[in-house]
Amino acid sequence: MEHNRKQTYTINREDRTLINKHKPCLIWFTGLSGSGKSTIANLLEKELHKQDVHTYTLDGDNLRRGLNKDLLFTKEDRIENLRRTAEVAKLFIDAGLVVIAAFISPYNKTREDIKAIVGSDYYIEVFINTPLEVCEQRDVKGLYKKARAGTIKNFTGISAPFEIPTNPTLEVETLKESPEEAVVRILDVLKRKL
């Protein structure tokens, strides 16, 4: 398969890391809809930006408007959505960036696959642990209400499972710490990585 051979270029990840003055990685936020993933991810990116760390945030809603607009919300399509996101993250890591991704990503197997795609040395998993009833009370987008009414099928936490991460790099219990406190802890983990 000649057309499948990887093209190599003179400038590589190490060269880009030197220019950026920090190592690349993927910070993968997982948790229920409404758990606070995007809020914490956004705060983290602001802090990293202040520290001159080159970042890029991958957001599910934005990717589904473009790269993944052909995908539905079946289990298979949700897994493919995450696989494609991981492949994009891998490219950004190769570009030398710190990638921030906030996705429900409900299955342990899928999260393990993401880690395998980008490489375990570059993967930081942050489990945003917020009880379902709290997420449902927030219901920022009105999705839980629709899921309870049956108008949204395969909704994580209601009609589809969320598997608690078995070995996240960091767990944030949002009932015990503020988003700002969570960011401080994440930055502490990142200091060692970057």
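Computation of the quantities below employed the complete heavy-atom set of this structure, encompassing side-chain atoms and omitting hydrogens, waters and symmetry-equivalent molecules. Since the structure is predicted, the reported quantities are computational estimates derived from the model, not experimental observations.
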* Structure fact -> Heavy-atom nearest pair, A89 first then V118, reads CB-CG1, 4.2 Å
* Structure fact -> Residues L43 and P179: closest non-hydrogen pair is CD1-CB, 3.5 Å
* **Closest heavy-atom pair and its distance - P24, G96** => CB-C, 3.6 Å
* Would C25 and L97 count as a side-chain contact (heavy atoms from CB on, under 4.5 Å) if you check the C-alpha gap in whole Å, the side-chain angles of each, and the deciding distance to 0.1 Å? -> CA-CA 7 Å; C25 68; L97 302 180; over 6 Å; no
* **side-chain contact (heavy atoms from CB on, under 4.5 Å) assessment of I117 paired with Y122** => CA-CA 10 Å; I117 288 168; Y122 300 100; over 6 Å; no
* Heavy-atom side-chain contact between D94 and F92 under 4.5 Å -> no
* **Donor on one side chain, acceptor on other, N129 and E171, under 3.5 Å** => yes
* Nearest-0.5 Å distance, CD1 of residue I93 to NZ of residue K23 -> 13.5 Å
* **Flag side-chain contact, heavy atom, 4.5 Å: I124 against L170** => no
* Asked: Taking only residues at least two apart or on different chains, which pairs with a member in residues 150-166 satisfy side-chain hydrogen bond (donor to acceptor under 3.5 Å, both in side chains)?
  -> R78-T156
* Output the distance between atom CD (E76) and atom CG (L71), rounded to the nearest 0.5 Å. => 11.0 Å
* To do: Working to the nearest 0.5 Å, report the span between CG of N62 and OG1 of T57.
  => 9.5 Å
* **Test item: V134 and T174 side chains (from C-beta on) under 4.5 Å apart, heavy atoms** => no
* Would you indicate whether L175, at its atom CG, is surrounded by more than 12 heavy atoms from other residues, nucleotides or ligands within a distance under 6.0 Å? => yes
* **I128 with V99, same ILVMFWY side-chain cluster at under 4.5 Å** => no
* Can you tell if the side chain of F29 reaches within under 4.5 Å of the side chain of I100, non-hydrogen atoms only? -> yes
* Structure fact -> To the nearest 0.5 Å, atom CD1 of I27 lies from atom CD1 of I40 at 12.5 Å
* **Carboxylate-amine/guanidinium proximity below 4.0 Å for K109 and D113** => yes
* Side chains of E45 and V53 in contact at under 4.5 Å (non-hydrogen atoms) -> no
* List the atom of P106, the atom of P161, and the distance in Å for their closest heavy-atom pair. => CB-O, 3.3 Å
* Asked: Can we say R185 and E177 salt-bridge, meaning some charged N sits less than 4.0 Å from an Asp/Glu carboxylate O?
  -> yes
* To do: Indicate whether the side chain of S35 and that of T130 have a donor and an acceptor atom separated by less than 3.5 Å.
  => no
* Salt-bridge criterion met for D70 and R84 (N-O under 4.0 Å) -> yes
* To do: Please check if F103 and V126 belong to a single hydrophobic cluster, counting links between Ile, Leu, Val, Met, Phe, Trp and Tyr side chain heavy atoms closer than 4.5 Å.
  => no
* Test item: H49 side-chain N/O and H54 main-chain N/O as donor-acceptor pair under 3.5 Å -> no
* To do: Kindly compute the distance separating CG (L26) from CD1 (I114), expressed to the nearest 0.5 Å.
  => 8.0 Å
* Side chains of E125 and T169: donor-acceptor distance under 3.5 Å anywhere? -> no
* Treat each ILVMFWY residue as a node, draw an edge where side-chain heavy atoms are under 4.5 Å apart, and state whether Y56 and L190 are in one component. => no
* Asked: Which other residues end up in the same hydrophobic cluster as F127, if Ile, Leu, Val, Met, Phe, Trp and Tyr are linked when side-chain heavy atoms come under 4.5 Å apart?
  -> L32, I104, L132, L143, Y144, I152, F155, I158, F162, I164
* Under the ring pair (Phe, Tyr, Trp, His ring centres under 6.0 Å) rule, collect the residues that match up with Y107, sequence neighbours excluded. => none
* **Side-chain donor or acceptor of K37 paired with backbone N/O of G31 under 3.5 Å** => yes
* Mind running salt bridge (charged side-chain N to carboxylate O under 4.0 Å, His left out) on E47 and K50 for me, showing each step along the way? => CA-CA 5 Å; E47 280 306 311; K50 282 183 201 168; 3.0 Å; yes
* To do: For T110 and S105, test the side chains for any donor-to-acceptor distance below 3.5 angstrom and give the result as yes or no.
  => no
* Just do the salt bridge (charged side-chain N to carboxylate O under 4.0 Å, His left out) check on R83 and D77 with the steps written out, would you? => CA-CA 10 Å; R83 187 197 68 77; D77 278 8; over 6 Å; no
* Asked: What about the rings of W28 and Y123, do their centers lie closer together than 6.0 Å?
  -> no
* Cluster overlap I186 with V189, hydrophobic side-chain contacts below 4.5 Å -> yes
* Structure fact -> dist N81:CG -> N68:CG (nearest 0.5 Å) comes out at 4.5 Å
* Closest approach of A41 and A102, non-hydrogen atoms and distance? -> CB-CB, 4.3 Å
* Asked: Heavy atoms, side chains only, cut-off 4.5 Å: are P165 and T30 in contact?
  -> yes
* To do: Report the C-alpha distance between K176 and E181 in whole Å, list the side-chain angles of each, state the deciding distance to 0.1 Å, and finish with yes or no for salt bridge (charged side-chain N to carboxylate O under 4.0 Å, His left out).
  => CA-CA 10 Å; K176 294 181 182 172; E181 290 167 330; over 6 Å; no
